[in-house]
Amino acid sequence: MGARFEELAWRETPIGAISLRRRRDPALQVEVYEVKLDDEYLMSSLFPVAEIELARLGLAELTGDALDVVVGGLGLGYTACTALADPRVRALLVVEAIEDVIDWHRRGLLPFAAGLAEDPRTRFARADFFAAVAGDDGFDAEAPGRQFDAVLLDVDHSPRNVLHPSHAPFYAPDGLRRLAALLRPEGVFALWSDDPPDDEFIAALTDVFATVRAHVVPFANPLTGGRSANTVYVAHR
């Protein structure tokens with residue numbers, strides 16, 4: 001790439017201006033892809049470990065084949081691609097509120113997510129994940145009330161640090177019960193969080209699900225030269 005920085009896409013949305021940027025990091029000698037919402041960084045290709053682990057840890061809890069999976073929040077595509085790498089996954093429904101994010105993948109702007117949009121198992125649903133849970137039809141408009149084996153969610157920074165106030169009720173027991181109703185028996189809900197394990201949220205999950213684990217996922221941070229960590233919650237019906 002000749003330029004040190006390039007804005008690949010930008011669009012004003014109801015929750016702010018979302019943009020996809022590519023830059024060359026001269027210290028690391030790599031191309032970095034970043035998503036911003038207004039001036040706030042949402043995700044970076046420098047830190048994909050926990051997004052990958054979200055799918056790996058969530059699906060590891062399931063037995064059997066022919067799994068139907070929902071990914072809430074498409075982003076850079078690491079979670080969705082990791083889910084598709086599991087040969088047991090029969091169908092992947094990606095629920096994404098912003099059409100432009102889906103378009104990034106359809107246009108092939110993210111080389112590390114190549115093949116995601118073209119995989120015959122993938123279907124994109126342009127919808128608000130949280131509104132879908134709160135509504136009557138669930139995630140799949142073509143099959144209202146459809147249940148899934150796993151729901152993997154990565155939208156908000158954490159249950160306490162949400163991108164929009166309308167998301168907050170989802171993380172309380174009543175919201176989680178509505179989500180659980182969209183899972184098959186023995187189904188799994190997994191959630192990425194930028195914060196350490198939250199006892200209050202774990203209690204809310206425990207009120208709804210049979211088993212709950214909070215996995216701390218450490219990873220090397222090339223910006224600080226040290227290590228950072230995210231949390232992946234896995235709740236099993």
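- Listed for the R121 side chain is a donor-acceptor partner under 3.5 Å among the backbone atoms of L84.
- Listed for the E6 side chain is no donor-acceptor partner under 3.5 Å among the backbone atoms of L8.
- In this structure, the side chains of V234 and V188 come closer than 4.5 Å at one or more pairs of heavy atoms.
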Hey, mind stepping through F219 and N230 against side-chain contact (heavy atoms from CB on, under 4.5 Å) and telling me if it holds? CA-CA 8 Å; F219 55 90; N230 295 149; 3.5 Å; yes
Under 3.5 Å, sequence neighbours excluded: what are the donor-acceptor pairs made by side chains of residues 73-83?
{"from": "T79", "atom 1": "OG1", "to": "E51", "atom 2": "O", "distance (Å)": "2.8"}
{"from": "T82", "atom 1": "OG1", "to": "Y78", "atom 2": "O", "distance (Å)": "2.8"}

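- D68 is listed as a side-chain neighbour of R184, based on a closest heavy-atom distance under 4.5 Å.
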The test is side-chain contact (heavy atoms from CB on, under 4.5 Å); show your working for L176 and F170 and say whether it passes. CA-CA 6 Å; L176 295 170; F170 170 80; 4.2 Å; yes
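- Of the possible polar contacts, none joining the D38 side chain to the E40 backbone as a donor-acceptor pair under 3.5 Å is found.
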Is there a side-chain contact (heavy atoms from CB on, under 4.5 Å) between V95 and F130 once you walk through the steps? CA-CA 10 Å; V95 180; F130 303 96; over 6 Å; no
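- You'll find the side chain of D25 stays beyond 4.5 Å of the side chain of P222, heavy atoms only.
- Proximity of a side-chain donor or acceptor of R178 to a complementary backbone N or O of V133 within less than 3.5 Å is detected.
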Please report, to 0.1 Å, the donor-acceptor pairs under 3.5 Å made by any side chain of residues 199-209, with sequence neighbours excluded.
{"from": "E200", "atom 1": "OE1", "to": "R160", "atom 2": "NH2", "distance (Å)": "2.8"}
{"from": "T206", "atom 1": "OG1", "to": "I202", "atom 2": "O", "distance (Å)": "2.8"}
{"from": "D207", "atom 1": "OD2", "to": "R177", "atom 2": "NH2", "distance (Å)": "2.7"}

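- Scored by the side chain to side chain donor-acceptor pair (under 3.5 Å) test, Y171 finds D156 as partners (sequence neighbours excluded).
- T122 contributes no side-chain N or O that, together with a main-chain N or O of A117, makes up a donor-acceptor pair within less than 3.5 Å.
- For N161, the CG atom counts as densely surrounded, since its 6.0 Å shell holds more than 12 non-hydrogen atoms of other residues, nucleotides or ligands.
- E31 places no side-chain N or O within 3.5 Å of a backbone atom of R24 that could act as its donor or acceptor partner.
- Clustering ILVMFWY residues whenever any of their side-chain heavy atoms sit less than 4.5 angstrom apart, transitively, puts F112 in the very cluster that holds L92.
- Ionic pairing of E61 and R237 is not present here: no N-O contact between side-chain nitrogen and carboxylate oxygen is shorter than 4.0 angstrom.
- A salt bridge does not link D149 to R90: none of the charged side-chain nitrogens sits closer than 4.0 Å to a carboxylate oxygen.
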